[in-house]
**Student:** 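This is the structure, below, for whatever I ask next.
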Amino acid sequence: MSRQFRIAPSILSANFAKLGQEVTDVVASGADIIHFDVMDNHYVPNLTIGPLVCESLRPVTTAIIDVHLMVKPVDRIIPDFAKAGANIITFHPEASEHIDRTLSLIRESGCKAGLVFNPATSLNYLDHVMDKIDMILLMSVNPGFGGQKFIPETLNKIRAARQRIDASGRDIWLEVDGGVKVDNIADVARAGADVFVAGSAIFGAARDTDPHRYDTVVAALRAELDKVA
Ligand code: DX5
Ligand code: ZN
């Protein structure tokens, strides 16, 4: 059975002064999903963007908007992102008092729901909620910043998460986030991932100098994935 691979540029590394154009360009380059990193300067040390920016981007693209919440507490911001046009909302279990309740809240708001695992967070959080999740997001760096180095131990965790998904028989996407580049995306896919977040690898490429800046790197990522499929 061949998996469908999806490329999800993280706009964390985009040029915020022209975010709409960045999203248009990267989707035109063949990206499938817009990965939207929300940081609160509390759960993680950085501070980024919120529902108002999501709302502004919604009319710019029909691509899936995948909101990664690095926010604590998490529940109260979820309805705002749903109203702002998010398609998928994921959160870190450490940031929720009641994980089952937060997952239900996301789905009741009309979005797909997912759990995010930091490098040292146990997959056991999945034990009693597999029927309530649509996506598992594995961090391959510690959350908070773009441009960090991929932690190789994540490959074992991807394999373990893939086993859990296959055993569940459900169509749960397995997304990997952090340090994904042309030179390691095939290994990440072979381990079992099917959604690939790439921030600096895509938006760091010849930004502002080359009109086809994103086409080249998205095509290179896709070519690596074609070797796996
Ligand atoms: C980190 C974010 C990532 C990050 C990925 O906390 O969740 O999405 O932007 O950036 P790169 O691909 O540069 O590691
Ligand atoms: Zn992210």
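Numbering of ligands and ligand atoms starts at 1, following listing order.
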**Student:** Considering distance alone, does some N or O of Gly147 sit under 3.5 Å from an N or O of ligand 1?
**Tutor:**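 Yes - when backbone and side-chain N and O of Gly147 are compared with those of ligand 1, one distance drops under 3.5 Å.
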
**Student:** Is there a donor-acceptor pair closer than 3.5 Å between any side-chain N or O of Arg58 and the backbone N or O of Ala84?
**Tutor:**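 Looks like no, no N/O pair under 3.5 Å.
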
**Student:** Could you tell me how the ring of Tyr125 sits relative to the ring of Phe117: parallel (under 30°), tilted (30 to 60°) or perpendicular (over 60°)?
**Tutor:**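 Correct class here is tilted.
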
**Student:** Does Met139 have a heavy atom less than 4.0 Å from any atom of ligand 1?
**Tutor:** yes

**Student:** Donor-acceptor check, side chain of Asn41 to backbone of Leu47, threshold 3.5 angstrom: yes or no?
**Tutor:**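 Side chain of Asn41 to backbone of Leu47: no pair is present.
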
**Student:** With clusters defined by side-chain heavy atoms of hydrophobic residues (ILVMFWY) lying less than 4.5 Å apart, directly or transitively, does Ile34 cluster with Leu137?
**Tutor:**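 Per the 4.5 Å side-chain linkage, Leu137 and Ile34 are not co-clustered.
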
**Student:** For atom 9 (O) of ligand 1, state which one of Ser140, Pro143, Ser10 supplies the nearest heavy atom.
**Tutor:**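 The option holding the nearest heavy atom is Ser10.
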
**Student:** Any side-chain to backbone donor/acceptor pair from Ser200 onto Gly146? Under 3.5 Å, distance only.
**Tutor:**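 No: the side chain of Ser200 does not pair with the backbone of Gly146.
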
**Student:** Applying the side chain to side chain contact (heavy atoms under 4.5 Å, CB included) criterion to Ile88, which one of Ile64, Val67, Val195 satisfies it?
**Tutor:**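 Among the candidates, only Ile64 passes.
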
**Student:** In Å, rounded to the nearest 0.5 Å, how long is the span from CG of Asp194 to CE of Met135?
**Tutor:**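 Rounded to the nearest 0.5 Å, the CG-CE separation comes to 9.0 Å.
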
**Student:** His68 heavy atoms, cut-off 4.0 Å: which ligand 1 atoms fall inside?
**Tutor:** 7 (O)

**Student:** Looking at Gly178, which atoms of ligand 1 are within less than 4.0 Å of one of its heavy atoms?
**Tutor:**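 Heavy-atom distances to Gly178 below 4.0 Å select 14 (O).
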
**Student:** Please round to the nearest 0.5 Å and tell me the distance separating atom CD of Glu175 and atom CZ of Phe196.
**Tutor:**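 If I round to the nearest 0.5 Å, the distance is 10.0 Å.
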
**Student:** Counting heavy atoms only, name the option from Ile11, Thr90, Asp177, Val116 that's nearest to atom 8 (O) of ligand 1.
**Tutor:** Asp177

**Student:** Do Asn142 and ligand 1 have an N or O pair less than 3.5 Å apart?
**Tutor:** no

**Student:** Would you mind naming the N, O or S atom of His68 nearest to the Zn ion (ligand 2)?
**Tutor:** ND1

**Student:** Where is the nearest protein heavy atom to atom 12 (O) of ligand 1: which residue, which atom, and how far?
**Tutor:** Gly199 N, 2.7 Å

**Student:** Kindly give the atom name of the N, O or S atom of Asp37 closest to the Zn ion (ligand 2).
**Tutor:** OD1

**Student:** Look at the aromatic rings of His35 and His68 and report parallel, tilted or perpendicular, splitting at 30° and 60°.
**Tutor:** tilted

**Student:** Say whether, by atom type as modelled, one donor and one acceptor occur between the side chain of Arg101 and the main chain of Asp75 under 3.5 angstrom.
**Tutor:**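 A pair under 3.5 Å: no.
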
**Student:** For atom 14 (O) of ligand 1, grab the closest protein heavy atom and report residue, atom and distance to one decimal in Å.
**Tutor:** Gly179 N, 2.8 Å

**Student:** Heavy-atom contact check, 4.0 Å cutoff: does Phe145 meet ligand 1?
**Tutor:** yes

**Student:** For ligand 1, which atoms sit closer than 4.0 Å to a heavy atom of Val197?
**Tutor:** 8 (O)

**Student:** Closer than 3.5 angstrom, by distance alone: can the side chain of Asp134 be matched with the main-chain N or O of Ile172 as a donor-acceptor pair?
**Tutor:**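 Not a single qualifying donor-acceptor pair exists.
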
**Student:** Within ligand 1, which atoms have a heavy atom of Gly144 less than 4.0 Å away?
**Tutor:**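 Every atom of ligand 1 under 4.0 Å from some heavy atom of Gly144: 1 (C), 6 (O).
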
**Student:** Need the atom name: nearest N/O/S atom of Asp177 to the Zn ion (ligand 2).
**Tutor:**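 Sorting the N, O and S atoms of Asp177 by distance to the Zn ion (ligand 2) puts OD2 first.
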
**Student:** Give the residue, atom name and distance (to 0.1 Å) of the protein heavy atom nearest atom 10 (O) of ligand 1.
**Tutor:**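 Minimum-distance protein heavy atom for atom 10 (O) of ligand 1 reads Gly146 CA, 3.6 Å.
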
**Student:** Examine Ala198 against ligand 1 and note whether any of their N/O atoms are separated by less than 3.5 Å.
**Tutor:** no

**Student:** Output yes when a side-chain donor or acceptor of Asn118 lies under 3.5 Å from a complementary backbone atom of Thr121, and no otherwise.
**Tutor:**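 No, the answer is negative, given that no donor and acceptor are paired below the 3.5 Å cut-off.
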
**Student:** Is there a chain of hydrophobic side chains (I, L, V, M, F, W, Y, each step under 4.5 Å between heavy atoms) that links Leu57 to Leu69?
**Tutor:** yes

**Student:** Which of the atoms of ligand 1 are close to Ser200, meaning less than 4.0 Å from one of its heavy atoms?
**Tutor:** 11 (P), 12 (O), 13 (O)

**Student:** Suppose I only count heavy atoms of His35 and a 4.0 Å limit; which atoms of ligand 1 are within that range?
**Tutor:** 8 (O)

**Student:** Is the shortest N/O to N/O distance between Asp37 and ligand 1 below 3.5 Å?
**Tutor:** yes

**Student:** Which of the atoms of ligand 1 are close to Met39, meaning less than 4.0 Å from one of its heavy atoms?
**Tutor:** 6 (O)

